[in-house]
Amino acid sequence: MSDGVDMRGTYDLELVGLTKKYGDTLAVDEINHLFKGGSYVCLLGPSGCGKSSTLRMIAGHEKVTEGAIVLAGSDVSHLTPAKRGTAMMFQNYALFPHLNVRDNVAFSLRMKGEDKATRDAKANELLELVDMTDLADRLPAQLSGGQQQRVALARALITQPKVLLLDEPLSALDPFLRIRMRAELKKLQRELGITFVHVTHGQDEALALGDELVVMNNALIEQAGSAREVWTAPRTEFVARFMGGHNVIALDGAKVALRADDVKLGDHGLPAWVTSIEYQGGHVALTARIEAGEQVLALVPEAAFFQSPKNLGDLVNLAWDEGRLHRLQS
């Protein structure tokens, strides 16, 4: 990679008591979090949880009601978006339809008054980085969704930001392209060595991309940690249910999480009646209702299920290793 697009640097981004109110509505409630420099962080949660408002405050597109945004040791809360050291890639890409690919990428340099030869040279470096050199003279309308995304990514990176902010960048892509593009995003983040903060509501996307997951709910951070930690050890019932793949069961007066792939069908165990069967390729998702009325999901390996198929209404025995139960905070 050429020196012109090597942005390596470990610039920490910290949110300190960050709050956002829209009138009487509290969108972000005094959150504190340190994003370690050079990491890929996924902010996720349901619609209305505060993740997009948080991202837009970091970018400078929403005013901070209270608190501070500290980047590389300096409070940038009062600075304009262009002076913060961040860059944002929007969900709809927002490319200029009348400009070709190269001029779209170079647009911010044009606004800064750089001469055409300089900005074209820098744009060409970024287009090479995102594998779009051959399409530099095309208009956005002549590009596929994935190609437009690469252009938007190059345009955001040309300012050499300390932190790149991504607002649901894969949501407009078809499922196959989405998987390919998330691999490319991860590879690019590793090569550049800068912090990516990526907002998504997709659990699979967050698990695939994030070095760290920050799960938000009702304007607060519900849990933050490595992807594996959040998946295997959800702290609360909300996180367990939101991340999926877990059962939340009340046992001995306490709520516990139990991964669906830890539930086995056997000759002994908790009696339950089959309420749903869904073939999912490598496994069968079988849901059964226990006597207490709760629904328990078991992911049964495909071969094991078809050796002894079950039908709706069948009585089965659910079993698990007690050591796999994970107690949840109330």
Let me confirm one number: the [atom1]-[atom2] distance from [X] to [Y], rounded to the nearest 0.5 Å.
X      : Y      : atom1 : atom2 : answer
Arg56  : Lys51  : CZ    : NZ    : 13.5 Å
Glu184 : Glu191 : CD    : CD    : 10.5 Å
Ile221 : Asn32  : CD1   : CG    : 7.5 Å
Leu286 : Lys310 : CG    : NZ    : 8.5 Å
His198 : Leu185 : NE2   : CG    : 7.0 Å
Asp12  : Lys162 : CG    : NZ    : 12.5 Å

Practice task
May I ask you to check whether Phe242 and His201 place their ring centres under 6.0 Å from each other?
Solution key: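 No: the rings miss the under 6.0 Å criterion.
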Closer than 3.5 angstrom, by distance alone: can the side chain of [X] be matched with the main-chain N or O of [Y] as a donor-acceptor pair?
X      : Y      : value
Asn100 : Leu139 : no
Ser53  : Gly50  : no
Glu128 : Glu125 : no
Arg84  : Ile58  : yes
Ser171 : Glu168 : yes
Gln223 : Leu213 : no
Gln189 : Gly38  : yes
Thr200 : Gly202 : yes
Gln148 : Pro140 : yes

Practice task
Please report the C-alpha distance between Tyr40 and Thr195 in whole Å, then the side-chain angles of each, then the deciding distance to 0.1 Å, and finally whether the side-chain hydrogen bond (donor to acceptor under 3.5 Å, both in side chains) criterion is met.
Solution key: CA-CA 6 Å; Tyr40 201 125; Thr195 305; over 6 Å; no
Quick one: do [X] and [Y] end up in the same hydrophobic cluster if we chain Ile, Leu, Val, Met, Phe, Trp and Tyr together by side-chain heavy atoms under 4.5 Å apart?
X      : Y      : result
Val215 : Phe196 : no
Val199 : Leu165 : yes
Ile249 : Met243 : no
Phe107 : Leu153 : no

Under 4.0 Å between a side-chain nitrogen and a carboxylate oxygen: does that hold for [X] and [Y]?
X      : Y      : result
Asp211 : Lys186 : yes
Asp174 : Arg180 : no
Lys116 : Asp120 : yes
Lys20  : Glu62  : yes
Glu114 : Arg119 : no

Practice task
Compute whether any side-chain donor of one residue and acceptor of the other, for His33 and Glu212, lie under 3.5 angstrom apart.
Solution key: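 Distance-only check passes for His33 and Glu212.
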Practice task
Would you check if there is a donor-acceptor pair between the side chains of Glu222 and Thr236 at a distance under 3.5 Å?
Solution key: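 Yes - a donor-acceptor pair under 3.5 Å links their side chains.
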Exercise for the section: Test side chain to side chain contact (heavy atoms under 4.5 Å, CB included) on Leu15 and Phe35 and set out the steps. Expected result: CA-CA 8 Å; Leu15 311 181; Phe35 300 85; 3.7 Å; yes
[X] atom [atom1]: more than 12 heavy-atom contacts under 6.0 Å:
X      : atom1 : value
Asp314 : CG    : yes
Asp321 : CG    : yes
Phe176 : CZ    : no
Lys264 : NZ    : yes
Asp75  : CG    : yes

Practice task
Output, in order, the C-alpha distance, side-chain angles, deciding distance and verdict of salt bridge (charged side-chain N to carboxylate O under 4.0 Å, His left out) for Arg102 and Asp137.
Solution key: CA-CA 7 Å; Arg102 184 184 297 102; Asp137 295 314; 2.9 Å; yes
Exercise for the section: Walk me through it: do Gln295 and Thr275 pass the test side-chain hydrogen bond (donor to acceptor under 3.5 Å, both in side chains)? Expected result: CA-CA 8 Å; Gln295 300 281 346; Thr275 58; 2.9 Å; yes
Any [X] side-chain heavy atom under 4.5 Å of [Y] side chain:
X      : Y      : result
Cys42  : Val214 : no
Leu143 : Leu135 : yes
Leu170 : Gln149 : yes

Practice task
Please work out which of the three classes, parallel, tilted or perpendicular, describes the rings of His61 and Phe90, given edges at 30° and 60°.
Solution key: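 Tilted: the ring planes of Phe90 and His61 meet at 30° to 60°.
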Practice task
Of all the heavy-atom pairs spanning Leu173 and Gly145, show the shortest one and how long it is.
Solution key: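 That would be CD2-C, 3.8 Å.
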Practice task
Mind running side-chain hydrogen bond (donor to acceptor under 3.5 Å, both in side chains) on Glu30 and Thr19 for me, showing each step along the way?
Solution key: CA-CA 5 Å; Glu30 203 174 335; Thr19 301; 5.1 Å; no
Exactly one of [options] should register a side chain to side chain contact (heavy atoms under 4.5 Å, CB included) with [X]. Which one does?
X      : options                : answer
Val256 : Leu328, Leu251, Val248 : Leu251
Ile69  : Leu79, Val64, Val16    : Val64
Met88  : Leu164, Val197, Leu55  : Leu55

